[in-house]
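Please read the structure below before turning to the comments.
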Amino acid sequence: MDFTFAQEQEDLRDAVRSFLRKRAGADARRELLHTGYAFDREVWRSMARDLGLQTLTVPEERGGSGAGFLESMIVFEEMGRELFSGPFFSTVLATWVLDASASDAANTALQQVADGDLVLTAAIADESGTWSAPGTATRAVATPDGHRVTGAKARVTDLPVADAFVVWAQTAEGPSWFLAPAGADGVEAIAEESLDLARPIGTLRLTDTPATLIVGPGQAAAVRESVDTRACVALAAELVGTAQAALDQSVEWSKSRHQFGRPIGSFQALKHLCADALVEVEAARVLTHYAAWAIAAGQAEAPVLASMAKQAAADAAAQAAGNNIQIHGGIGATWEHEAHLWLRRAKASGALFGSPRQHRARISDLLSA
Amino acid sequence: MDFTFAQEQEDLRDAVRSFLRKRAGADARRELLHTGYAFDREVWRSMARDLGLQTLTVPEERGGSGAGFLESMIVFEEMGRELFSGPFFSTVLATWVLDASASDAANTALQQVADGDLVLTAAIADESGTWSAPGTATRAVATPDGHRVTGAKARVTDLPVADAFVVWAQTAEGPSWFLAPAGADGVEAIAEESLDLARPIGTLRLTDTPATLIVGPGQAAAVRESVDTRACVALAAELVGTAQAALDQSVEWSKSRHQFGRPIGSFQALKHLCADALVEVEAARVLTHYAAWAIAAGQAEAPVLASMAKQAAADAAAQAAGNNIQIHGGIGATWEHEAHLWLRRAKASGALFGSPRQHRARISDLLSA
Amino acid sequence: MNPVFSTPVQEFQREFAEFLRQVLPAGWAGSGALPHDEFPAFAADLRRALYEGGYLGVDWPTEYGGRGLTPEHQVAVAEQLTRMKLPQTSLSDVFGMQMFGSTVLAFGTEEQKHRFLPGILSGEVKWCQGYSEPQSGSDLASVSTAAVRGADGWHIDGQKIWTGTAHLADWIFALVRTDPEAPKHRGLTLLACPLRQPGIEIRQIRQMWGEAEFNEVFFTDAVTADDNVIGGVNNGWRVATALLEHERGGAAAVLAVRFEEELDRLCELAREHRRDQDSDIRQRIAWCRARVLAMKLLGYKALTRSLRGQPIGAEAAMTKLYWSEYHVVLTDLAMDILGDEALVLRGRRPALADGPDAPGAPTDSAGWITTFLTSRSSRIYAGTNQIQRTLLAESILGMPREPRPA
Amino acid sequence: MNPVFSTPVQEFQREFAEFLRQVLPAGWAGSGALPHDEFPAFAADLRRALYEGGYLGVDWPTEYGGRGLTPEHQVAVAEQLTRMKLPQTSLSDVFGMQMFGSTVLAFGTEEQKHRFLPGILSGEVKWCQGYSEPQSGSDLASVSTAAVRGADGWHIDGQKIWTGTAHLADWIFALVRTDPEAPKHRGLTLLACPLRQPGIEIRQIRQMWGEAEFNEVFFTDAVTADDNVIGGVNNGWRVATALLEHERGGAAAVLAVRFEEELDRLCELAREHRRDQDSDIRQRIAWCRARVLAMKLLGYKALTRSLRGQPIGAEAAMTKLYWSEYHVVLTDLAMDILGDEALVLRGRRPALADGPDAPGAPTDSAGWITTFLTSRSSRIYAGTNQIQRTLLAESILGMPREPRPA
């Protein structure tokens with residue numbers, strides 16, 4: 001029985017945390033609030049070249065670090081804690097698809113990601129579909145020059161900064177994964193106003209866009225399921241980090257802010273708010289760590305564990321971030337204060353890849369309760 | 001605009017409260033816990049003869065006081081507050097049915113109730129049915145000697161002490177109301193273990209039991225709907241009283257009990273528990289008063305208002321009674337302490353004539369949301 | 001008990017409805033259906049029409065420009081506005097009419113009433129409120145902005161925060177410390193002070209949903225005349241707390257009508273998302289229905305009390321707690337119904353950042369998401385809900401205060 | 001990270017399962033399926049079989065009768081018992097083995113270990129716990145039961161309350177005041193004391209669900225020998241709080257297995273009532289599923305820590321808070337599913353009044369309703385959840401203590 005991380009895993013966590021604090025921490029969040037979203041390619045490259053984070057789970061022979069999903073989960077937790085506002089989730093999500101393909105195109109793209117020169121995202125959900133719908137109205141037609149893809153993809157994360165997309169599209173033989181560069185013909189990337197200020201989002205319209213088949217119908221559905229499961233746990237990990245950050249901020253503020261001649265943290269009402277949030281964060285954390293372990297260990301129940309982790313982490317983050325605003329009082333409801341960033345992230349990532357309600361419905365379906 | 005009671009109504013409340021405190025208050029509850037349920041016919045008779053409570057809304061010419069439903073509601077609130085353990089709700093419920101009938105049998109029975117000599121109850125729900133099912137598997141057959149009723153009625157309140165029942169049964173022409181004495185042929189009253197110690201409950205089996213037709217098919221369904229609506233508001237009023245009693249007890253205890261060198265009521269955690277309960281009780285109270293007014297004023301929306309009041313009062317009572325046990329600590333979880341009486345009442349009356357969930361479903365149905 | 005408007009008030013309300021129908025354009029779909037940038041001008045026009053029609057401050061005495069009617073008439077006006085999908089005049093009026101106006105009526109001198117009230121009613125003079133300070137949020141009695149009496153009136157130095165609409169206002173009523181030696185609650189005074197003077201600087205504060213409704217107001221030797229003391233020197237705590245009850249208690253019944261309209265819109269949203277037959281959603285909507293009705297009835301109860309000249313007192317805290325916690329639940333439900341669409345703000349933003357969106361608003365995600373954010377601030381402003389709960393426990397339930405620290 | 005039992009423990013668990021299969025009758029349906037009055041005898045027989053098979057106290061050192069295995073083996077034993085629908089020995093063992101046994105192992109003298117532990121393990125000597133007093137519930141450090149040293153040992157006077165199973169016990173371990181002059185926490189001592197003596201009177205307390213699991217214990221010049229001090233005179237606070245952590249922390253993973261079984265039964269209840277396709281009920285069941293798993297994992301985390309010899313500390317409060325609040329929600333859900341049937345207690349009552357009913361229990365309303373009532377007491381005993389929250393906030397989050405009263 002061992003429910004702790006190995007020393008190397010703890011070291012990885014420390015390295016990521018100190019990198020993010022230094023290069024993408026409170027200052028970056030302040031900038032985000034004052035001047036809006038701006039993607040720092042410098043930080044991105046350093047993250048890839050110095051730490052290898054973008055291709056952490058990609059095999060070494062393909063330019064990655066060959067680490068397991070547990071390591072990946074640790075990184076996501078730290079990303080959520082600092083609210084890193086680069087396209088990390090989107091890019092890593094896409095590498096999971098690419099990693100399932102032995103094609104040259106995949107090889108090349110993975111190497112570019114490893115070098116920090118390529119930002120990816122995954123275009124999966126249709127405008128009208130829910131995250132879990134396996135089908136898609138986006139069509140890919142084989143032509144003598146390769147495939148052409150036509151359709152509209154909604155809620156594509158980090159679309160404004162992506163250099164290329166992996167796209168979930170229907171061929172005559174079944175759903176498949178394609179890779180298309182942002183500059184290809186017929187690509188229209190429509191930016192939208194994202195609830196999450198640190199994660200821009202958009203709608204992607206493709207019209208007869210030339211795209212490379214990455215994973216064909218034989219394997220694509222299995223890759224989709226595996227990517228969905230990983231995405232849920234990655235988001236759960238981010239949300240656990242976000243919840244922890246919001247809780248930490250509440251506690252810090254409650255120690256320093258004085259009203260009625262004493263620190264407000266000495267009032268029981270705030271203590272109990274924080275204690276309840278603490279318990280929820282801890283519970284979400286163990287569920288997330290366990291789901292990540294299950295993915296890494298190839299356990300068959302990983303999908304239902306991912307749903308459990310996702311809904312718990314989303315609720316915990318919304319609770320901790322909501323409390324944080326409440327505990328800060330007036331100042332916590334201002335634009336200038338980063339408290340709303342945590343709440344926005346909590347609700348947006350809570351909805352991404354399935355809301356808590358959708359995941360609870362899925363848990364009941366999977367356990368046929 | 002006037003959302004208060006008239007002076008005579010306030011006087012009625014005071015009179016009922018002081019009667020119950022004296023004759024059926026804390027001592028009666030202590031006895032209930034120590035020696036079990038025992039129905040005091042003395043108190044019952046005095047309640048009828050001195051205060052006229054059992055036939056408050058029955059017209060004067062039929063032996064009653066001719067008051068309106070608002071007055072009735074006030075009495076129920078006080079009954080719930082003292083947890084009066086006589087068959088008051090059951091008897092009054094039955095008088096509403098009798099009052100809709102001009103028959104001699106109804107006249108006689110109402111007079112006996114007014115004299116405190118007759119305890120009634122209503123047998124409505126079938127074993128397998130929900131409270132709101134209009135149909136019934138209980139059959140009434142016309143014979144030359146009058147009707148014979150056969151069937152099983154579940155969750156009949158105060159069955160062990162009832163002298164007669166009004167019964168909801170199906171005739172060839174449609175559902176109707178019958179009156180049958182407890183001593184009639186084929187009557188089997190099966191006592192059950194009631195969650196609510198102050199309100200015994202049982203199953204009533206009738207086999208070819210002679211019974212008097214009270215309200216026939218033409219009118220019976222309308223009477224049923226009106227009785228259901230009144231029953232919900234009567235129970236809501238009881239529950240508001242119960243919630244208030246539990247809250248009052250919490251507050252009293254929190255002032256006198258000391259821990260850590262101060263009254264426990266000075267701790268914010270308990271203050272906030274009590275404040276939240278207070279708000280819920282007040283909200284349930286205004287909903288209940290409003291629903292009662294709507295019944296008295298013949299407003300068409302009374303049924304949906306009754307559902308709103310019932311679910312709010314049930315939730316408020318469960319919350320206040322649950323808090324009360326928590327605030328009392330160990331002593332509050334003992335048999336000797338009356339705290340559990342309030343919780344038992346809250347949950348049992350919450351389920352009687354429809355649980356909060358059932359009423360919320362009904363609200364959505366009625367408002368076609 | 002007769003919890004409906006009295007016959008004369010019903011008649012008055014019908015007249016008012018007729019008046020509004022005359023004023024409104026044909027095919028009126030509600031102020032929430034107006035393009036976002038047309039809303040302020042529309043609201044200003046409406047206010048002018050109401051003023052000229054004699055429907056503002058109907059419960060104020062006639063000598064100060066009112067119509068001398070009852071608070072019941074006033075609630076009927078406000079309710080009718082919402083029923084016809086119109087806004088409640090403006091946020092400035094909340095501060096000017098409901099709060100400062102009521103305070104002057106209760107505590108002002110005859111001269112002050114004549115001087116201040118007509119301008120408030122006509123809209124010529126706009127007011128804002130200066131209570132909170134950066135170090136005095138929940139603990140209002142600790143305000144440190146100081147006023148010292150000089151030959152030419154009071155000289156004010158310090159800083160106020162969360163002063164809604166200060167950037168649009170002409171005057172501020174501010175709680176200031178006039179006796180630094182007296183115990184905390186005893187040395188305070190409520191001062192009216194003109195805003196457009198060199199000693200005052202106003203800085204807007206942007207809220208988390210992107211709009212800037214609040215301000216910081218900096219006083220650097222700002223001056224106001226002697227006769228602008230409201231309710232007596234060093235009597236500010238009593239005046240201010242009475243005023244806070246106006247802020248909290250009065251409008252619950254009217255607010256409930258706005259919440260009703262919002263809940264109808266939520267049902268429409270559920271239908272659009274095909275969640276209207278889902279039992280989880282139906283349970284939650286039904287729960288909301290009962291809460292909104294209870295809110296209205298709590299308002300009716302408070303109105304009855306005020307018609308009888310009884311004080312509202314700490315029960316105003318109950319209404320504030322009830323509606324603001326309700327709104328957090330309601331907007332969470334909206335986010336749940338939106339599902340994936342809660343990720344992106346599409347369509348129209350709310351015209352109002354306080355409680356429900358304007359009546360007739362569309363079901364766009366931008367509206368619901370923004371309201372979700374604003375609902376979080378409703379639990380904070382006008383006293384955090386933690387403070388309200390403590391107040392209720394101590395004032396209504398009589399639970400013991402915390403022991404003083406050693 | 002490898003959050004499963006290690007290979008040797010898995011093997012040990014398989015052996016144990018085999019052992020149990022030998023012991024159990026054919027067609028075993030769970031201890032919850034036994035007639036109510038057969039349960040105590042069955043549990044006693046099972047305990048004897050476990051003791052004789054060497055499966056009690058497997059993590060205790062061999063010199064005191066244990067098997068010298070790890071806490072992981074102990075959890076595997078407990079988990080297997082539940083998986084095979086068996087009870088966790090008895091409530092007496094909670095006090096004897098888990099609480100007093102662990103404390104003697106940690107704080108006792110070598111002589112005390114040899115004297116006390118084998119009898120606890122064999123079941124020959126049963127223990128109960130004397131901590132709370134009528135005036136010392138949440139505020140444990142204020143206990144006033146006094147012990148004075150005389151020539152023949154300690155003389156004890158006072159009263160303890162909530163002493164579970166005292167009516168069945170031979171000994172009590174009691175927190176008593178031995179230095180009335182010292183500050184509150186400093187003058188306490190943990191004393192072991194034989195119960196069957198003239199100076200002790202035991203009165204059973206009936207709980208709100210009708211059973212009497214707790215007692216009052218009255219000490220009137222009761223005597224215990226000098227060598228029954230555990231962990232040193234006036235060191236009782238430290239010993240007692242360490243012991244409370246054993247009460248709270250240890251068994252979360254095992255408890256979760258019981259909750260899993262209970263949740264399966266709730267799903268069965270939902271099917272019986274045709275509520276299993278209702279989305280409101282399904283949402284709530286799914287929420288429960290995740291909570292039960294989290295409970296198990298919190299237990300695994302605590303187990304990992306204890307395998308590494310790290311203290312569990314205040315995190316034990318987290319587990320207690322988590323499971324007891326969960327159980328209130330779960331039993332509310334059961335009442336909701338029962339609907340009208342929640343009015344009447346029909347069928348079998350629970351065999352256990354602490355947490356979920358015995359595994360294999362039927363879905364009878366008497367079981368669910370009683371568990372609904374017992375769940376309310378779980379939020380109180382072993383420290384109210386209010387106390388747990390304060391403890392978590394102060395110990396884990398480092399939030400400031402309340403100022404001392406003046």
Does the ring of C/W209 carry C/R349 above it, NZ/CZ under 6.0 angstrom from centre and within 45° of its axis? no
I'd like to verify something: which residue of A/I331, A/L273, A/I264 has the highest number of heavy-atom pairs under 4.5 Å with chain C? A/I331
What part of A/Q358 gets closer than 4.5 Å to chain C, counting heavy atoms only: side chain, backbone, both or neither? side chain
Can you tell which part of C/S132 gets under 4.5 Å to a heavy atom of chain A, answering side chain, backbone, both or neither? neither
Can you find a pair of side-chain heavy atoms, one from C/F372 and one from A/R344, that are under 4.5 Å apart? no
In terms of side-chain heavy atoms, does A/W342 have a donor or acceptor partner in A/Q249 at a distance below 3.5 Å? yes
Determine whether the aromatic ring centres of residues A/F76 and A/F88 are separated by less than 6.0 angstrom. yes
Scan side-chain atoms only and decide if C/E213 and C/Q207 contain a donor-acceptor pair under the 3.5 Å cut-off. no
Name the region of C/L343, side chain, backbone, both or neither, that has any atom closer than 4.5 Å to a heavy atom of chain A. both
With only heavy atoms counted, which part of A/F353 is less than 4.5 Å from chain C, the side chain, the backbone, both or neither? neither
In this structure, OG of C/S142 is separated from NE2 of A/H258 (nearest 0.5 Å) by 12.5 Å
Of the listed residues (A/G332, A/G329, A/S355), which shares the most heavy-atom pairs with chain C below a 4.5 Å separation? A/G329
Region of A/I201 in contact with chain C, defined by heavy-atom distances below 4.5 Å: side chain
Are A/R360 and C/D280 within salt-bridge range, i.e. N to O under 4.0 Å? no
Using only heavy-atom distances, determine whether the side chains of A/T242 and A/R345 contain a donor-acceptor pair under 3.5 Å. no
Contact class of C/L345 relative to chain A, heavy atoms under 4.5 angstrom: both
Proximal component of C/E402, with respect to chain A [non-hydrogen, under 4.5 Å]: side chain
In terms of heavy-atom pairs under 4.5 Å, which option from C/D332, C/L373, C/V344, C/L338 contacts chain A the most? C/V344
Proximal component of C/I161, with respect to chain A [non-hydrogen, under 4.5 Å]: neither
As an exercise: rank A/S194, A/G330, A/A269 by heavy-atom pairs under 4.5 Å with chain C and give me the winner. A/G330
Heavy-atom contact with chain A under 4.5 Å, split by part of C/R389: neither
May I ask you to decide whether A/E127 forms a salt bridge with C/R346, counting only side-chain N to carboxylate O separations under 4.0 Å? yes
Quick check on the interface: out of C/T370, C/V328, C/D278, C/I205, who has the most heavy-atom pairs with chain A under 4.5 Å? C/D278
